[in-house]
Q: 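One structure is given below, represented as C-alpha cells, and several questions about it will come after.
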Amino acid sequence: MKIGIVGLGYVGLVTAAVLADRGHYIVGVDIDENKVNGLNCGRIPIYEPGLEELLTKNRDRLHFTARYEELKDVELAFITVSTPTINGKIFLDYVYSAAKSLQVLPKDSIIVVKSTVVPSTSRRVKEISGREVVANPEFLREGSAILDTVRPDRIIIGSENAEAGNIVEELWKFTGSPILRTSLEEAELIKYTANSFLSLKISFINEIANLCEKLPNCDVKTIANAIGMDKRISPYFLDAGLGWGGSCFPKDTQAFVSFARDLGERLRTVEASIEVNNERPKRAVKMLKELMGSIKDKVICVLGIAFKPNTDDTRESVALKIIMQLSEEGAKVIAYDPRAKTDLAEMVSSKEECINRANGVIIVTEWKEFYGIEELLKGKYVVDGRRVLRKELMDKRYFRAIGLST
Ligand code: NAD
C-alpha cells in the first residue's frame with residue numbers, strides 16, 4: 001500500500017519504519033521542515049534502539065516531506081501528531097489542523113488516528129476531513145518501540161465503517177497479536193484507561209515504598225515481588241522509584257481527569273495517582289539532604305536525565321525536576337546520561353567523571369550501565385532512586401534507597 005504518516009516523532013517514525021519494512025511505500029509528513037530535511041539526508045532526530053537501522057534498510061520505500069499535497073494518492077494516512085496537555089486539558093489543534101490538511105487525500109482513503117486523543121476526537125476528525133476514520137491508538141513504549149509495534153500485546157481498531165476497519169486490521173495482521181474491534185469512542189477510551197491504570201500501579205507501590213522507609217527491616221522490592229506473584233495483580237509496573245514521567249503518563253492522566261470533569265464525573269483514583277507522583281522528585285532531594293546534612297555549595301551528580309532508559313526523551317523527566325530543586329537549594333549539579341542532554345546542569349561525558357567530581361549522587365534513570373557501580377560510589381553519599389544498587393554492598397551511613405528501611 002501507499003501510506004501517509006502525519007507527524008514524524010517517536011510514534012510516526014517507528015510506524016513508518018515498521019510498515020516500510022513490511023513492503024509498504026511510506027510518505028511521511030511533518031510541519032517541521034528541518035526535521036524533514038534531516039530525515040531525507042538520513043539524520044534521525046531521536047534515539048530509539050533499532051530505528052536508524054530499520055529506516056536505513058528501507059530507505060527506498062520512505063519519503064519525507066513537509067507538503068501535504070504529496071499525500072494525494074495514498075490509500076491510507078495515519079495521524080501521529082503530538083497531543084500535549086495545556087493548562088490540564090488536551091490540546092487538539094495539531095490533530096484538527098492535520099485533519100484539515102488531509103482533505104487532500106483521495107475521497108475513498110482512510111484516516112487512522114494513532115495519536116492519543118480523548119473520546120469523540122476521531123469523530124471530529126471524520127467531520128473535518130470528510131474521510132472515513134479509524135481509531136487505532138498506539139501502545140508502544142519508548143526504548144522498545146519497534147518490538148512493541150511488531151509484537152504488541154493487542155491491537156485496538158475502532159471504527160464505524162466495518163470495511164475501513166478491515167483494511168486497518170489487514171495491515172496489522174502480520175503482528176500475530178490479538179486484534180479487538182471496537183467503536184471509535186471505546187478505542188479512544190481504552191488508551192486513556194490503560195495509561196491511567198499503569199500510572200496507578202506505580203503510584204500505589206510508591207506509597208508502599210514510603211511506608212517501608214519508615215518501618216524496620218522492610219524492602220519494597222520484597223513486597224512488590226510477593227504481591228506480583230498473584231496473577232490478579234501481575235509483577236509488571238510494580239517498581240517503586242522516583243515516579244513516572246515522559247511524554248505520555250503525565251499529560252494523559254491530566255487530560256483524562258479533566259475530560260471526566262467536563263462530563264461531570266471525577267476520576268479520584270487517577271487524581272490521587274497524579275498527586276502521589278508529584279511528590280516523588282522532592283523525596284529524592286529530601287533523602288539526600290537527610291544523608292548529607294546540607295547540600296548547599298555541594299557538588300551533586302545526577303545519573304540519568306532521560307525519563308527512562310534506552311531513550312533520549314527528557315519530556316517531563318523526573319531528573320529535570322530534581323536538578324531544578326537541587327539548584328534552587330544551592331547545590332552545583334553535574335549530570336551524566338548515555339543519550340539524553342539538558343541545559344539545566346553541566347553535562348559530563350562519563351559516569352566515572354560525574355561520580356568522582358561529586359559529594360553526593362542521585363540515581364534517577366535505571367540505565368543498564370548504572371548497575372554494578374557500587375565500588376565506584378565508595379565514599380560518596382548516594383540516593384538510589386531506581387533501586388539499581390545491591391543494598392548489601394552499600395555502607396548504610398552513606399546510602400539511602402527508595403522503599404528501603406534506614
Ligand atoms: P512527538 O512530539 O515526538 O512528534 C509529533 C510530531 O508531529 C512532531 O514532529 C511535530 O512537528 C508533528 N506535527 C505537529 N502538528 C503537525 C501537523 N499538523 N502536521 C504534521 N506534523 C505535525 O510525538 P510522539 O511522542 O510521537 O507522540 C505522538 C502521539 O502518539 C501523541 O498523541 C502521543 O500521546 C501518542 N503516543 C506516544 C507514545 C510515545 O511513547 N511517545 C506512545 C503511545 C502513544
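Atoms within a ligand are numbered from 1 in the order they appear, just like the ligands themselves.
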Q: Please write down residue, atom name and distance for the protein heavy atom closest to atom 39 (C) of ligand 1.
A: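 Checking every protein heavy atom, the shortest distance to atom 39 (C) of ligand 1 gives Glu142 OE2, 3.4 Å.
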
Q: Who's closest to atom 35 (C) of ligand 1 heavy-atom-wise, of Thr116, Ile31, Thr85?
A: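 Selected option, by shortest heavy-atom distance: Thr116.
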
Q: Find all atoms of ligand 1 within a distance of less than 4.0 Å from any non-hydrogen atom belonging to Gly9, and give their numbers and elements.
A: 1 (P), 3 (O), 4 (O), 6 (C), 26 (O)

Q: Under a 4.0 angstrom heavy-atom cut-off, which atoms of ligand 1 come close to Lys35?
A: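 In order of number, 8 (C), 9 (O).
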
Q: Tell me which part of Tyr68 gets within contact of ligand 1: side chain, backbone, both or neither, using heavy atoms under 4.0 Å.
A: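 Just the side chain.
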
Q: Consider ligand 1: state whether an atom of it lies below 4.0 angstrom from any non-hydrogen atom of Arg141.
A: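 Under 4.0 Å: no for Arg141.
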
Q: List the closest protein heavy-atom neighbour of atom 7 (O) of ligand 1: residue, atom name, distance to the nearest 0.1 Å.
A: Gly7 CA, 3.4 Å

Q: For atom 42 (C) of ligand 1, find the nearest protein heavy atom and state the residue, atom name and distance (0.1 Å precision).
A: Leu140 O, 3.4 Å

Q: Which atoms of ligand 1 have any heavy atom of Ser247 under 4.0 Å away?
A: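 Contacts of ligand 1 toward Ser247, numbered from 1: 39 (C), 41 (N).
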
Q: Do Ser199 and Ser273 have a side chain donor and acceptor closer than 3.5 Å?
A: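 Yes - a donor-acceptor pair under 3.5 Å links their side chains.
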
Q: Which residue and atom name correspond to the protein heavy atom nearest atom 43 (C) of ligand 1, and how close is it?
A: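 So the nearest neighbour among protein heavy atoms is Glu138 O, 3.3 Å.
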
Q: Could you check which of Asp93, Val11, Ile5 puts a non-hydrogen atom nearest to atom 26 (O) of ligand 1?
A: Val11

Q: To which protein heavy atom is atom 38 (C) of ligand 1 closest, and what is the distance rounded to 0.1 Å?
A: Cys248 SG, 3.3 Å

Q: So which protein heavy atom does atom 23 (O) of ligand 1 come closest to, and at what separation?
A: Arg315 NH1, 3.9 Å

Q: What residue and atom, counting heavy atoms only, is the protein's closest point to atom 34 (O) of ligand 1, and at what distance?
A: Lys251 NZ, 2.6 Å

Q: Nearest heavy atom to atom 11 (O) of ligand 1 wins, so pick from Thr15, Asp32, Asp30, Val29.
A: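 It is Asp30 whose heavy atom sits nearest to atom 11 (O) of ligand 1.
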
Q: With heavy atoms of Ser97 as the reference, note each atom of ligand 1 found under 4.0 Å away.
A: 18 (N)

Q: A cation-pi test, strictly: NZ or CZ of Arg339 under 6.0 Å from the centre of the six-membered ring of Tyr47 and no more than 45 degrees from its axis. Yes or no?
A: yes

Q: Which residue in the set Thr65, Leu13, Asn34, Asp30 passes side-chain contact (heavy atoms from CB on, under 4.5 Å) when paired with Leu39?
A: Leu13

Q: Once you restrict to heavy atoms under 4.0 Å, what part of Ser101 touches ligand 1? Side chain, backbone, both or neither.
A: neither

Q: Among Thr80, Val81, Leu92, whose heavy atom sits nearest atom 13 (N) of ligand 1?
A: Val81

Q: Can you name the ring pair (Phe, Tyr, Trp, His ring centres under 6.0 Å) partners of Tyr94, sequence neighbours left out?
A: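 If we apply the ring pair (Phe, Tyr, Trp, His ring centres under 6.0 Å) test to Tyr94, skipping adjacent residues, the hits are Phe91.
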
Q: Minimum heavy-atom separation for Ile402 and Val220, please, with both atom names.
A: O-CG1, 4.1 Å

Q: Report, as yes or no, whether the 6.0 Å neighbourhood of atom CG on Asp343 holds more than 12 heavy atoms from other residues, nucleotides or ligands.
A: no

Q: Could you tell me whether Asp230 and Arg232 have a side-chain N and a carboxylate O separated by less than 4.0 Å?
A: yes

Q: Given Ile5 and Lys114, is the side chain to side chain contact (heavy atoms under 4.5 Å, CB included) satisfied, shown in steps?
A: CA-CA 10 Å; Ile5 310 260; Lys114 217 172 218 328; over 6 Å; no

Q: Can you list the atoms of ligand 1 that are under 4.0 Å from a heavy atom of Ser115?
A: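 Answer for ligand 1: 29 (C), 30 (O), 32 (O).
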
Q: For Asp252, is at least one N or O under 3.5 Å away from an N or O on ligand 1?
A: no

Q: Short list, please: which atoms of ligand 1 are under 4.0 Å from a heavy atom of Tyr94?
A: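 Under 4.0 Å from Tyr94, ligand 1 has these atoms: 15 (N), 18 (N).
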
Q: What atoms in ligand 1 come closer than 4.0 Å to a heavy atom of Thr83?
A: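 This gives 31 (C), 32 (O), 34 (O) as the contact atoms.
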
Q: Run the numbers on Ser203 and Trp244 for side chain to side chain donor-acceptor pair (under 3.5 Å), then give the verdict.
A: CA-CA 8 Å; Ser203 286; Trp244 34 269; 3.3 Å; yes

Q: Checking Arg154 against Phe139: charged group under 6.0 Å from the ring centre and within 45 degrees of the axis?
A: yes

Q: Could you tell me which atoms of ligand 1, counted from 1 in the order shown, lie closer than 4.0 angstrom to a heavy atom of Val6?
A: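 Counting atoms of ligand 1 from 1, those under 4.0 Å from Val6 are 19 (N), 20 (C).
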
Q: Can a salt bridge be assigned to the pair Lys191 and Glu188 using a cut-off of 4.0 Å between side-chain N and carboxylate O?
A: no

Q: With the threshold set at 4.0 Å, does a side-chain nitrogen-carboxylate oxygen contact exist between Glu290 and Lys286?
A: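 Lys286 and Glu290: salt-bridged.
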
Q: Going by an N to O cut-off under 4.0 Å, is there a salt bridge joining Asp384 and Arg400?
A: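 Arg400 and Asp384: not salt-bridged.
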
Q: Can you establish whether the number of heavy atoms outside Tyr371 located under 6.0 Å from its atom OH is more than 12?
A: yes

